[in-house]
Amino acid sequence: MDLVLLFKALKRKFWVLFFIPFITAVISFFATIDSPKLYKSDAQLSTGYTMIDPVVFNQRISPYESGVMFNNLIASLTSTKVISLLSYRLILHDLTKKKPFREIPFEENGKTTYVDKYSSTLIFQQKLDSMQLLSSFDDVEVELLSLLDNYGYSYNKLLSQLNIFREGFTDYVTISFVSENPELSAFVVNVLCEEFFRYSGSLRLERASESVKALARIVDQKHKDLNEKEKTLRNFKKNQGVYNFQFESENKMNLISELEKSLEDEKRDLRGLKLQLSLINKQLGYSNTDQNNGNTSNEKILILRENINKLNNEYIQNNNPAIREKISELRIQLQEEITKIKGNMDSGLELSDRKILLKNKSDLELKIAIAEENIYSISKRLGSIKRDANYYASTEAEISSLERDFQLANQEYLEAQNKYNDAINKTSALDTQIKQIIYGQPAVFPEPSKRKVITLMSAAASFVLCFFFIILYEYLDLSIKIPSNFQKQVDIHLMGILSIGATRINQRDYTNSQDIHLEQLRKVRYEIESSGKKIILFTSLRKDAGKTEIIKSLSQIFQLNGKKVLLIDTNFSNNQLTKDFHAPKSLEAIVKHTNHYLTTLNRNEYSKSSTLMLSPTLISGVDIIGNSGGNYSPSEVLPYDNFKEIIYFLKKQYDFIFLESASLNKYTDTKELIPFIEGIICVFSAKDPVKNADRQSIKYLKALESKLIGSILNKVDSNNIES
């Protein structure tokens, strides 16, 4: 939409934008002149939602979470249960106090309007104490609900006068109530806080009690499990006869280590004793006759020494005790071989030496027997202790499993006990966070009157509505309106822009240069004169486009230029041109007269008579030929040859001949008159939209090519003529 066009449309309808808001403001002003005085009372709650506890470290307060908590608080304050409790308190106050806020008559004209006062008081008090709502299924309670509504204590009416909001981004919530009674307003905000605390405290206490009971049951169960685990562990230890298996197991392991060490020492000593006994036996049993064994012993000695050297090298590298023992055995064998060689070299033993060897042998045999007995005893004891150690190990594993179960049960019991204690502490600290810090007081002065605000708001609202509807109307209006739209939608040469409606002849004085249409008409006159065409047909796509008035205006403009103009009204469906000029003669009569004289071939007489049948107008130099009107087309009343003869005869007497035809969309008059004219001008109305039928007619006009002089856009708003 063209903004300039929209601005001009708003300018044209300025009276609508001014008078309708003005009338609305006046009505609102007088409608609120008798509005009652209202008194406001405020109470304020401190929630503690945004307060940081100095004891709690790394405490974070999320704006979203705090916003949700404030919304929940406001929703609770305005809930049906809390407001209903408030309404019970209000109605009970008016029923029981000597100075009620509002009078509640229970009898009118001697008839009871509701249930009696005593029973009503009892029901309201019972509902208040039990914090229950009145039922809509009980007839008596339905009447009580009606009573609350009639006297302004119902949920909806109280809520409409109540305003609960958070003070900016602070920790405080303000509760405001406005009524006709200052004491009533203060009573409402204070009692609302009281009932909220009572209801929310009861609700949270009930929820907390359920949680505490559930936690108590969990603690009892955990305690029972702990006792069972402890009893099982204690009985197991008692049945085993040992209470400190870890200590006993450590003692057994230490004893096993000592016994293994003693056993190893005894075995080593036994090997040494047996070696010594073997040497003594060899010394006692040596023979000088065994000469052949010397060479063999020498070879064995060499082999033993090589083996000892190899094992020494391996022992140095690996430090293996088994190699060390093997080396010891080889050395003993080496010593035996060397002893044999020495025995062979010695011729024999003395008797005294033999006795000594026998005594030593006896001692060694005794020591060997003792060592073997010690080894047997130690091995037997070691086996017994190892069996006990294995038993203690398996028993200790089972005890460890039982102890782990006991520790886990003890941990679960302690956690459940801590949660139970926390729940008890929180239950005892309920309703300590939200506090009422400001109590409502009766207002001394009423609230400022809102008459001015209401008046201004009503005027502004009506102005916005009018503005909106004007824009909507302009947006939905598809008419041409302005020349720029005409060029986009029609695209026919525009000769002039006019705003000429129905006028009486001589009403316009085109000698006055201040007439806004004068220059536009001069442009049309110039276009017509420049075209070189004398016989011009004025048509339109639809009726009421203003063809008649444009023809009359152009006649005057041409008269100012000294031109003679003949007007021929060929619009049989609407002969308004004939009526405006009061033309007494008709076109049908002239055609008939022409036919008569053409038949008699008396052209001189015809010319004289035809001239006398023209009707002069009040405009000097402008004549007219009218028609009697009727439901027929030009081809039906104007024979081709006769009418053509008339047109070319009259062309010699006038500078221009203007014909008017019926609308092109509905009638065929324009198409039937095309053969008789030299040029055609189409008049469009700016108030009409371009529809499909119009596009077909426009296409026909463009097909006329050389005969189409142009178009005139009529009925353009005077403010849009320059657009």
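This one's a predicted model, so the numbers in the text were calculated from it and none came from an experiment.
Remark: Ile551 CD1 to Ser553 OG distance equals 10.0 Å, nearest 0.5 Å. One finds the CG atom of Asn571 at 7.5 Å from the CG atom of Asn627 (value rounded to the nearest 0.5 Å). Considering CD1 of Ile550 and CD of Gln520, their distance stands at 11.0 Å, rounded to 0.5 Å. How far CD1 of Ile83 is from OG1 of Thr78: 6.5 Å, rounded to the nearest 0.5 Å. Interatomic distance, Leu673 CG to Ile568 CD1, rounded to the nearest 0.5 Å: 9.5 Å. The OH atom of Tyr648 sits 9.5 Å away from the CZ atom of Phe676 when rounded to the nearest 0.5 Å.
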Where do Phe177 and Ser41 land on the side chain to side chain contact (heavy atoms under 4.5 Å, CB included) test, with the steps shown first? CA-CA 6 Å; Phe177 189 81; Ser41 184; 5.7 Å; no
Going through the checks in order, is the side chain to side chain contact (heavy atoms under 4.5 Å, CB included) test met by Leu554 and Ile528? CA-CA 10 Å; Leu554 284 174; Ile528 294 174; 4.3 Å; yes
Could you walk me through whether Phe165 and Ser176 satisfy the side chain to side chain contact (heavy atoms under 4.5 Å, CB included) test, starting with their C-alpha distance in whole Å, then the side-chain angles of each, then the deciding distance to 0.1 Å, before giving a yes or no? CA-CA 9 Å; Phe165 58 93; Ser176 300; 4.1 Å; yes
Which is it for Ser87 and Leu158 under the side chain to side chain contact (heavy atoms under 4.5 Å, CB included) test, yes or no, and what are the steps along the way? CA-CA 8 Å; Ser87 65; Leu158 287 176; 3.9 Å; yes
Test log, rule side chain to side chain donor-acceptor pair (under 3.5 Å), inputs Glu549 and Asn714: CA-CA 10 Å; Glu549 303 305 322; Asn714 192 28; over 6 Å; no
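Under the 4.5 Å side-chain criterion, counting only non-hydrogen atoms from C-beta, Ile492 is not in contact with Cys682. Put simply, the side chain of Gln556 does not reach to within 4.5 Å of the side chain of Val622, judged on heavy atoms. At a threshold of 4.5 Å between non-hydrogen side-chain atoms, the residues Leu192 and Val82 count as touching. Between Ile712 and Ile681, some side-chain heavy-atom pair lies under the 4.5 Å cut-off. Side-chain contact between Asp694 and Val490: absent, with no pair of heavy atoms (C-beta onward) separated by less than 4.5 Å. Using a 4.5 Å cut-off on side-chain heavy atoms (C-beta onward), Leu77 and Leu162 make no contact. Two residues are said to be in side-chain contact when any heavy atoms from C-beta on lie closer than 4.5 Å; Tyr155 and Thr80 meet this criterion. Using a 4.5 Å heavy-atom threshold, the side chains of Ile557 and Val524 count as separate.
Relative to the six-membered ring of Tyr654, Lys564 meets both conditions, a distance below 6.0 Å and an angle of at most 45° to the axis. Under a cutoff of 6.0 Å and an axis angle of 45°, Lys671 and Tyr700 form a cation-pi pair.
At least one donor-acceptor pair under 3.5 Å links the side chain of Lys157 to the backbone N or O of Asp149. Looking only at distances, a side-chain donor or acceptor of Glu636 sits under 3.5 Å from a matching main-chain atom of Ser633. Within the 3.5 Å criterion, the main-chain N or O of Tyr39 finds a donor-acceptor partner in the side chain of Ser185. Judged by distance alone, with hydrogens and angles left aside, the side-chain atoms of Asn665 form no donor-acceptor pair with the main-chain N or O of Arg542 at under 3.5 Å. The backbone N or O of Lys534 lies less than 3.5 Å from a partner atom in the side chain of Glu678, making a donor-acceptor pair. The backbone N or O of Met495 lies less than 3.5 Å from no partner atom in the side chain of Glu527, so there is not a single donor-acceptor pair. Under a 3.5 Å cut-off, the side chain of Glu660 and the backbone N or O of Asp569 do not form any donor-acceptor pair. Panel note: side chain Arg166, backbone Thr170; a donor-acceptor pair is recorded below 3.5 Å.
For the pairing with Glu180, the salt bridge (charged side-chain N to carboxylate O under 4.0 Å, His left out) check across Lys40, Arg102, Lys37 returns one residue only, Arg102.
Atom NZ of Lys666 sits in a sparse spot, with 12 or fewer heavy atoms from other residues, nucleotides or ligands closer than 6.0 Å. The neighbour count for Lys543 NZ, taken as heavy atoms of other residues, nucleotides or ligands under 6.0 Å away, does not exceed 12.
Classification of the Phe658-Phe538 ring pair by plane angle, with boundaries at 30° and 60°, yields perpendicular. Ring orientation note: the planes of Phe558 and Phe656 are tilted relative to one another, at an angle of 30° to 60°. Using cut-offs of 30° and 60° on the angle between ring planes, the pair Phe463 and Phe467 is parallel.
Checked by atom type, the side-chain pair Thr578/Asp580 shows no donor-acceptor distance below 3.5 Å. Between Thr174 and Glu167, the side chains place a donor N or O and an acceptor N or O closer than 3.5 Å (distance only, hydrogens not considered).
Listed by first and then second residue, the salt bridge (charged side-chain N to carboxylate O under 4.0 Å, His left out) pairs involving residues 454-469 amount to none (not counting sequence neighbours). The side-chain hydrogen bond (donor to acceptor under 3.5 Å, both in side chains) analysis of residues 703-713, with sequence neighbours excluded, yields no pairs.
The heavy-atom pair separating Ser697 from Leu664 by the smallest distance is CB-CD2, 3.7 Å. Scanning all heavy atoms of the two residues, the minimum distance from Leu541 to Phe684 falls at CD1-CE2, 3.1 Å. Closest approach of Gly629 and Asn575 over heavy atoms only: N-ND2, 3.7 Å. Across every non-hydrogen atom of Leu494 and Pro483, the tightest pair is CD2-CB, 4.1 Å. When all heavy atoms of Pro634 and Asp669 are compared, the closest pair comes out as CD-CG, 3.5 Å. Shown here for Ala662 and Thr670, the closest heavy-atom pair between the two residues is O-OG1, 3.4 Å.
No salt bridge links Asp688 with Lys715; every basic N to acidic carboxylate O contact stays at or beyond 4.0 Å.
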